[in-house]
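In what follows, a single structure is set out as structure tokens and then discussed.
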Amino acid sequence: MNVLIVDNEPDAISAYEETLSSNKYDLKLVYNGADALELIQAEPIDIVVTAWRMQEMDGIELCRRIYQGGFKSNIYTILISDQEANGELIRSLGSIVNDYIRTPVNPIDLTVRLAIGARVVRLEHRIERDRETLKKDYYPTVRTLSHLVNVYDDNLGDHSRRVAEASVKLSRMHPGVPAVDYPTIQAAGLLHDIGMVCVPASILTKSRTEMTAGERTLFISHPIQGESILNENEKLRPVAALVRMHHEQYNGKGFPDALTGDQVPLSVKIITAVSTYDNLVHRGKCPLEDAPTELQRFIGYQIDPALYDYLIRLNTDNIAIEARKKYQEVRLEGLVEGMVLASNVRMKGGAMAMPVQTCMTAAMIDKLNQYNQKGYVPNKFYVYKR
Ligand SMILES: [Fe+2]
């Protein structure tokens, strides 16, 4: 742990050095803020202990420059002062300045506060390492599996991406969801239906009442199948646990475990509620303006009553977003003559199939149908709103 001591007073520096020499810190000593910044640029520093009152650059200014310096890792700062905390210090504490000690400095006090700083630094390093591991391993795996869902059924892929995005958005609104849970919620949103790859595609378009008893059994198994797929990767086990529960209901009538109320974690309730909302407005083609009324049918079932207001806020945001859009997404069956493409339609290899601004005619819609049946173009287009 590299600790930098900054003070204009050589006597003070010597005193800190003597106090801390018996601890396992690699001490660096400088006599002003400019030298401190130069050293921080050149060497990795974990903790800075600086006097507040110094000539040319005072301690708070030094801490501010460290804070705004964009160094690779955060540097923990402890300010030492012979004056009471004033408004400037109080505003700086917790962001620019991490800790504050009054003079005369009690050696035990300094040792303890430095130990606390060292612990914070070690935890931050661990979080940084975990984040790097996630980037290298976890996210590519989630993206690969999400791609698999999309290849299996692009409607399901679109639904899953929207659920992931909206679940994180709702989580950010909700004070009960810690930020550390967002990546797991996003992955569970993307992969909540991955177990459907074990279910014949012919079942996907059927409602539960249209399924035969055998088909229903297969359908009901998809949360467990999804859990089992994700459990193969140890890092995805927290996601697997959420995926297993995404068809549980508030009233205990869900599957596979008939959990009820708060037996289901908040993160799963959010995914289930958002998935219900997405199915209503996209698959059920319910206009966004009607969603608040329509969603009431699901309260106490797929929607925890406490989440209804959050869904309404999400819906209000979506209404505003849609109003700003100049284009809309349509599938082949929704294409009609006179619609104008708002983006290029490309073949899977990248070649142009139909350029932006093309006005749809019956022949063109027929051509896109043929391309789609052969798997050349996706079943999703953007056209200008009319
Ligand atoms: Fe599902």
Side-chain angles (χ1 to χ4, degrees), residues 142 144-168 170-171 184-233 236-260 263-286 294-295 297-304 307 311 314:
V142 169
T144 303
L145 291 170
S146 165
H147 185 68
L148 177 70
V149 174
N150 201 69
V151 168
Y152 178 70
D153 185 85
D154 63 342
N155 271 323
L156 195 58
D158 287 347
H159 165 74
S160 302
R161 277 191 294 277
R162 288 191 303 264
V163 168
E165 190 182 330
S167 296
V168 173
L170 195 152
S171 299
T184 306
I185 291 171
Q186 185 182 31
L190 274 173
L191 302 176
H192 69 283
D193 270 338
I194 191 165
M196 291 298 273
V197 301
C198 304
V199 173
S202 57
I203 298 179
L204 290 184
T205 51
K206 293 186 180 179
S207 70
R208 295 271 291 280
T209 49
E210 291 169 333
M211 294 176 194
T212 64
E215 287 174 336
R216 245 193 319 273
T217 305
L218 272 174
F219 174 78
I220 283 174
S221 74
H222 82 267
I224 295 176
Q225 299 282 14
E227 178 196 30
S228 156
I229 292 168
L230 299 175
N231 267 341
E232 291 293 324
N233 183 320
L236 288 176
R237 287 194 181 153
V239 179
L242 304 192
V243 165
R244 181 187 176 99
M245 291 186 272
H246 81 274
H247 275 285
E248 300 294 350
Q249 290 192 9
Y250 188 78
N251 60 358
K253 298 268 176 71
F255 59 89
D257 300 310
L259 302 177
T260 176
Q263 288 179 308
V264 179
L266 177 59
S267 47
V268 181
K269 288 179 177 175
I270 288 174
I271 291 167
T272 307
V274 167
S275 178
T276 303
Y277 166 75
D278 188 79
N279 280 331
L280 179 72
V281 297
H282 284 95
R283 292 185 186 171
K285 300 205 174 5
C286 168
E294 292 296 315
L295 280 171
R297 289 192 285 122
F298 301 94
I299 294 176
Y301 299 87
Q302 287 96 332
I303 297 175
D304 180 328
L307 289 179
L311 285 178
L314 199 66

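Quick note: numbers below take in every heavy atom, side chains included, and nothing from hydrogens, waters or symmetry partners. Keep in mind that this is a model prediction, so the values were computed, not measured. Just so you know, ligand 1 is whichever comes first in the structure, and atom 1 is the first atom listed for that ligand.
- Residue-environment remark: NZ (Lys253) stays at or below the threshold of 12 foreign heavy atoms within 6.0 Å.
- In terms of modelled atom types and a separation under 3.5 Å, the side chain of Glu210 and the main chain of Ser207 share a donor-acceptor contact.
- Not counting sequence neighbours, the partners of Ser275 by the side-chain contact (heavy atoms from CB on, under 4.5 Å) test are His159, Val163, His192, Asn279.
- The side-chain contact (heavy atoms from CB on, under 4.5 Å) check on Asp153 picks up Asn155, Leu156, Leu204, with sequence neighbours excluded.
- His247 and Phe255 have parallel rings, their planes meeting at less than 30° on a 0 to 90° scale where 60° marks the start of perpendicular.
- Only protein atoms were considered; those of element N, O or S under 2.8 Å from the Fe ion (ligand 1) number 4.
- Residues that satisfy the side-chain contact (heavy atoms from CB on, under 4.5 Å) test with His147, not counting sequence neighbours, are Val151.
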